[in-house]
Number of protein chains: 2
Amino acid sequence: MTANSSGARRPRASTAKAVAERAGVSVTTVSRVLSGHADAIPQETQDRVTAAAAELRYRPNSLARALRKGSTQTIGLIVPDISDTYFHQVARGVEDVAQAAGYMVIFCNTDRLAAKEQSCLDLLCDKRVDGIIFCGGGLDEEKHLSSRDWAGAAVVAIGPHVLDVPAVRVDDAAAIGSAVEHLAATGRRHILCVAGQPDWLITRQRLAGYRAAVRRLGLDGNPQLIRYAGFASTHGHDAVTQALASGVVFDSVIAFDDYAALGALQALREAGLHVPGDVAIVGCDDIPFAALACPPLTSIRFPTYDFGATAARMVLDMLNGKEFQHVVEFPFELNVRASTAVTAHTCERDPLRR
Amino acid sequence: MTANSSGARRPRASTAKAVAERAGVSVTTVSRVLSGHADAIPQETQDRVTAAAAELRYRPNSLARALRKGSTQTIGLIVPDISDTYFHQVARGVEDVAQAAGYMVIFCNTDRLAAKEQSCLDLLCDKRVDGIIFCGGGLDEEKHLSSRDWAGAAVVAIGPHVLDVPAVRVDDAAAIGSAVEHLAATGRRHILCVAGQPDWLITRQRLAGYRAAVRRLGLDGNPQLIRYAGFASTHGHDAVTQALASGVVFDSVIAFDDYAALGALQALREAGLHVPGDVAIVGCDDIPFAALACPPLTSIRFPTYDFGATAARMVLDMLNGKEFQHVVEFPFELNVRASTAVTAHTCERDPLRR
DNA sequence: TTGTATGCGTTATCAT
DNA sequence: ATGATAACGCATACAA
């Protein structure tokens, strides 16, 4: 046996045929009884089939069934990175709803790379998933998607997306706008904006909200205040460090992601600046840690679990041919905490700085 | 069309047959060319087939292929809760390795419930996944697993598990032991232990480490110091609150999970106690936020991403009939931070307490 | 009430 | 070098 010849032969599970033989009926009858189309079959026969199936521990092969019925009871979930708090809350919502409906979910990490997204989609379609949920994967340039063949899958998006498909979303621009307003109301005028990469749709949406609010409120519109970074802690850290080095003046930070906000917080500490005394910070997504940070982080909360649950329900509704709302917009909520307090924060000697 | 009749018929993707007709060959030839068994086929024919396939955007139906080949290129991942930092880091590791090998991964949340686990396993086996990775799902009582039929899947476990299968793990008892030693070395003698539920294997392992170290070091062995809670922030919070109410004396806390540790931290704050001045805290898993907490949390770090990546590689190796190490034990690392500092921590007025 | 036969889309075996 | 044909395991139209 060569190293490549997939080892031991896979033990064959019992089939409908085996059950049929054991029960002394045909496979048709077995299928009927076990799939609920047993109206016309006498109880006695049903019992024999059920018993035989149980003895043989028979379970229908879902590949064969899917091939025949054209439905796999499977949903594909496309996320940039499942190990990001935002996305795994969404993932949990998707899986809960799916599991309750007897569906399973395949997830793929794309790292916001079009190439990875493409190959995952190919594989998902090859597997004939019944539905595909895009979450946060929206790139600016997505010609690789617009002309795609979805193999008949029900496609739904969470958040901004180039595809014109049913979607769940929030008003990202308004959300950021409300954060900017909050900062302005607490006396800040120079807001450093730690954004994502410029070709991410989410960046564009949120940035639009930032710009509009800054203009509307007459705040400092210096383009140097906008830093294209990313959504990881290190990105926020580096963006702030560089901003400080560049000498641009700012009295507050708005980060488009809580991880980035926490990184920013750390960078400010390292620079000897006090939060919120010297600089206020607002984050995005309100991950569970935001409230536990020091100081607790003001953040915009989105109902991420509900995003996922709702998107999954949309897919199910499409599949069942049910009517449903094609665009569901969820509310956001600015959770104000100490990181944007007005009064000077009488902070201890910072343990991080030793 | 009734509401239940799954809406519009699914558009049928192009098949090998269509490609064959277009290229003027048989399906056999198509299959040969496109599956790499084209040694004996002249380039000219190959080109014709390839061109036809491209024009028709043909992709092999992986259900049919799987049915025929007995392999689905799919791995099932069983976790208690994907929205827990620990598990989604594992999940990312699994998916990265799987994706690189052309496999996809289906994940299921069990909430540590045997019933959910069972039904997920049934579905996974029905789908003929090639491999199954158990992560953190280990319950004490698992008779529902021992006699199971895995439908030929390669089974691997991450962490303690009743199943005698290839596994990746750490020495949980030793890890907790080292944390206890650290606390003892910094002068603590009454360690409150915030454990998981008593029927979780992970609880048993870690608790054994705690008990052994306490005995070995002659620390306070009061059984009241052990609180069976859970791994969520609220569990840690409530456990500490109840411990305080019960009057049991403790000068430190070891939580079997960082979320629980952070909850404990919050409860201590609310009770007006100082960390680490009055009570030291050690957590488990060293989630990214542990270092950002206030005070930064001492925690035991496990290479969770590697757990997942390694488990996935094990599955792949089993599938390919390759030799591999059946038990991989990873090292742990106690990251000492301010929450267990010896010197009284000169803390500011705590912003949380206002 | 039940069974036979066919097809779902591949891959593999055996011919030619 | 290539093509019929037979599985893979199930569900269903059509017979009986």
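Proteins get letters first, then strands, A, B, ... in listed order; numbering begins at 1 in each.
- Atom-to-atom, NZ of Lys127(A) to C1' of dC8(C) comes out at 18 Å; the value is rounded to the nearest Å.
- Note that the two end axes of the helix from dT1(C)-dA16(D) to dT16(C)-dA1(D) enclose an angle of 50°, each drawn from 5 base pairs, rounded to 10 degrees.
- Between Lys17(B) atom NZ and dT11(C) atom C1' the separation is 17 Å, expressed in whole Å.
- Protein chain A touches strand DNA chain D; the 5'-most and 3'-most nucleotides with an atom under 4.0 angstrom of its non-hydrogen atoms are dG9(D) to dC14(D).
- At a non-hydrogen distance threshold of 4.0 Å, Tyr58(B), Arg59(B), Pro60(B), Asn61(B) from residues 45-61 of chain B come into contact with DNA chain C.
- For Ser31(B) and dT10(C), the shortest distance from a side-chain N or O to OP1 or OP2 is not below 4.0 Å.
- When side chains are defined from C-beta on, Val79(B) counts as touching Asn109(B), because their heavy atoms get closer than 4.5 Å.
- For Asp96(B), the side-chain hydrogen bond (donor to acceptor under 3.5 Å, both in side chains) partners are Arg92(B), Tyr305(B), not counting sequence neighbours.
- Qualifying salt bridge (Lys or Arg N to Asp or Glu O under 4.0 Å) partners for Asp84(B), counting only residues two or more places apart in sequence or in other chains: none.
- Of the inter-residue distances, the one linking Arg128(B) atom CZ with Leu67(B) atom CG reads 9.5 Å to the nearest 0.5 angstrom.
- Heavy atoms of other residues, nucleotides or ligands lying less than 6.0 angstrom from CD of Gln43(A) number more than 12.
- Here the side chains of Val25(A) and Val30(A) are in contact, with some heavy-atom distance below 4.5 Å.
- Using a cutoff of 4.0 Å between basic side-chain nitrogens and carboxylate oxygens, Arg57(B) and Asp122(A) are not scored as salt-bridged.
- Within the 3.5 Å criterion, the main-chain N or O of Lys17(B) finds a donor-acceptor partner in the side chain of Thr15(B).
- A donor-acceptor pair is defined here as one N or O able to donate and one able to accept, closer than 3.5 Å; such a pair exists between the side chain of Ser119(A) and the backbone of Lys116(A).
- For Asn320(A) (side chain) and Lys322(A) (main-chain N/O), no donor-acceptor pair under 3.5 Å exists by modelled atom type.
- In this structure a side-chain-to-backbone donor-acceptor pair under 3.5 Å is present from Lys127(A) to Thr72(B).
- Residue Gly24(A) is the one, among Leu63(B) and Gly24(A), whose nearest nucleotide of DNA chain C lies closer to the 5' end (criterion: closest heavy atom).
- The 5' end of DNA chain D is approached more closely, in terms of each residue's nearest nucleotide, by Ile41(B) than by the other of Ala64(B) and Ile41(B).
- In this entry the distance linking NE2 of His37(B) with P of dT11(C) reads 8 Å, nearest Å.
- Among the nucleotides dT11(C), dG3(C), dC8(C), the one closest to any side-chain atom of Leu67(A) is dC8(C).
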Could you pull out the protein-nucleic contacts involving nucleotides 4-6 of chain C (nitrogen or oxygen on both sides, under 3.5 Å)?
unit_1	atom_1	unit_2	atom_2	d
dT4(C)	O4	Thr28(A)	OG1	2.8

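- Arg48(A) places a side-chain N or O within donor-acceptor distance of the main-chain N or O of Ala23(A), the cut-off being under 3.5 Å.
- Val25(B) comes within contact range of the sugar-phosphate backbone alone, with a heavy-atom separation under 4.0 Å but no base atom that close.
- Under the 3.5 Å distance criterion, the side-chain polar atoms of Gln46(B) are matched with a main-chain donor or acceptor of Ile41(B).
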